[in-house]
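The structure appears below as structure tokens.
Numbering of ligands and ligand atoms starts at 1, following listing order.
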Amino acid sequence: MKMKGLLLFLSCVLCVSADVLHEDSYISGCSDSDGEDMYGLDGEEVWYADFNKQTGVEPLPDFADPIDFPGHYESAVANLQVCRSNLKTRRDAMKDIPLEHDAPSAVMIYTRDEVEFGEKNTLICHVTGFYPAPVNVSWTKNQQKVTGSSINVPYPNKDGTFTQISRLQFIPQQGDIYSCAVEHLALTKPETRLYDVKASGQSDPGVGPAAFCGVGLTVGLLGVAAGTFFLIKGNECS
Ligand SMILES: *[C@@H]1O[C@H](CO)[C@@H](O)[C@H](O)[C@H]1NC(C)=O
């Protein structure tokens with residue numbers, strides 16, 4: 001009976017998670033100067049149109065199975081034209097309705113990998129909760145502008161706002177300070193986040209985790225030994 005209860009509980013958890021197992025999304029949008037056409041899956045970009053390079057981009061990592069998107073770039077261009085003409089019509093029709101502006105609700109800066117001095121890493125500036133898209137993100141290193149960062153296309157959130165992620169490759173060196181500055185229509189001055197390599201660096205990464213692992217393993221083995229002892233003892237008694 002108990003077993004049946006457990007099974008029912010488990011299958012219930014499974015069916016709940018099956019409801020939201022994967023989330024497919026598609027967005028097509030435009031402004032006078034900008035446009036976006038993107039297929040997303042579970043919060044990741046699967047395909048987007050790069051209108052500057054005039055091609056489709058599949059930013060999935062190498063381990064994923066490639067998916068073909070034949071003719072998608074051409075459709076994206078057609079969608080963009082339709083969008084611009086719709087935009088013009090609606091702007092004329094709704095000229096008295098003010099556009100909604102939401103400044104980013106959160107800007108976060110962090111590294112992709114654990115910091116080790118001298119080891120290649122990526123700084124990430126994660127901007128979310130803004131409307132309309134896009135934001136501009138610029139980077140500095142020790143207060144000097146740096147170039148070479150990349151930014152992904154705006155990803156739609158459930159509440160109608162957007163998320164954008166800017167990345168900067170860097171090599172952590174003690175004493176370096178990085179910043180990302182976010183510009184958005186609804187901000188009067190850029191929103192800036194600092195990243196201080198000194199505060200997050202780890203000069204000796206080996207010892208801490210290894211020590212924790214050792215202690216954890218010892219405690220675990222002691223537990224198993226104690227459990228076995230009492231199990232045998234209990235069996236002897238009965
Ligand atoms: C982003 O930068 C471009 C080019 O410098 C500028 O035209 C645009 O107004 C900026 N956008 C925002 C939201 O600041």
Within 4.0 Å of some non-hydrogen atom of L185, the atoms of ligand 1 are 13 (C)
So the atoms of ligand 1 within less than 4.0 Å of a heavy atom of H184 turn out to be 13 (C)
Side-chain donor or acceptor of D68 paired with backbone N/O of P70 under 3.5 Å:
no
Using atom types as modelled and distance alone, determine if a side-chain donor or acceptor of D50 lies under 3.5 Å from a backbone N or O of V57.
no
Heavy-atom nearest neighbour in the protein, as seen from atom 14 (O) of ligand 1, with distance rounded to 0.1 Å
E183 CB, 3.5 Å
Tell me the protein heavy atom at minimum distance from atom 9 (O) of ligand 1, and give that distance in Å.
N136 ND2, 4.8 Å
Are F51 and Y26 joined in one hydrophobic group, where the rule is that I, L, V, M, F, W and Y side chains link up if heavy atoms are under 4.5 Å apart?
yes
Check the angle between the aromatic planes of F170 and Y195 and answer parallel, tilted or perpendicular using the 30° and 60° thresholds.
perpendicular
Pair R91 + D32: basic N to acidic O under 4.0 Å
yes
Verify atom 4 (C) of ligand 1: protein non-hydrogen atom under 4.0 angstrom away:
no
Protein heavy-atom contact under 4.0 Å for atom 11 (N) of ligand 1?
yes
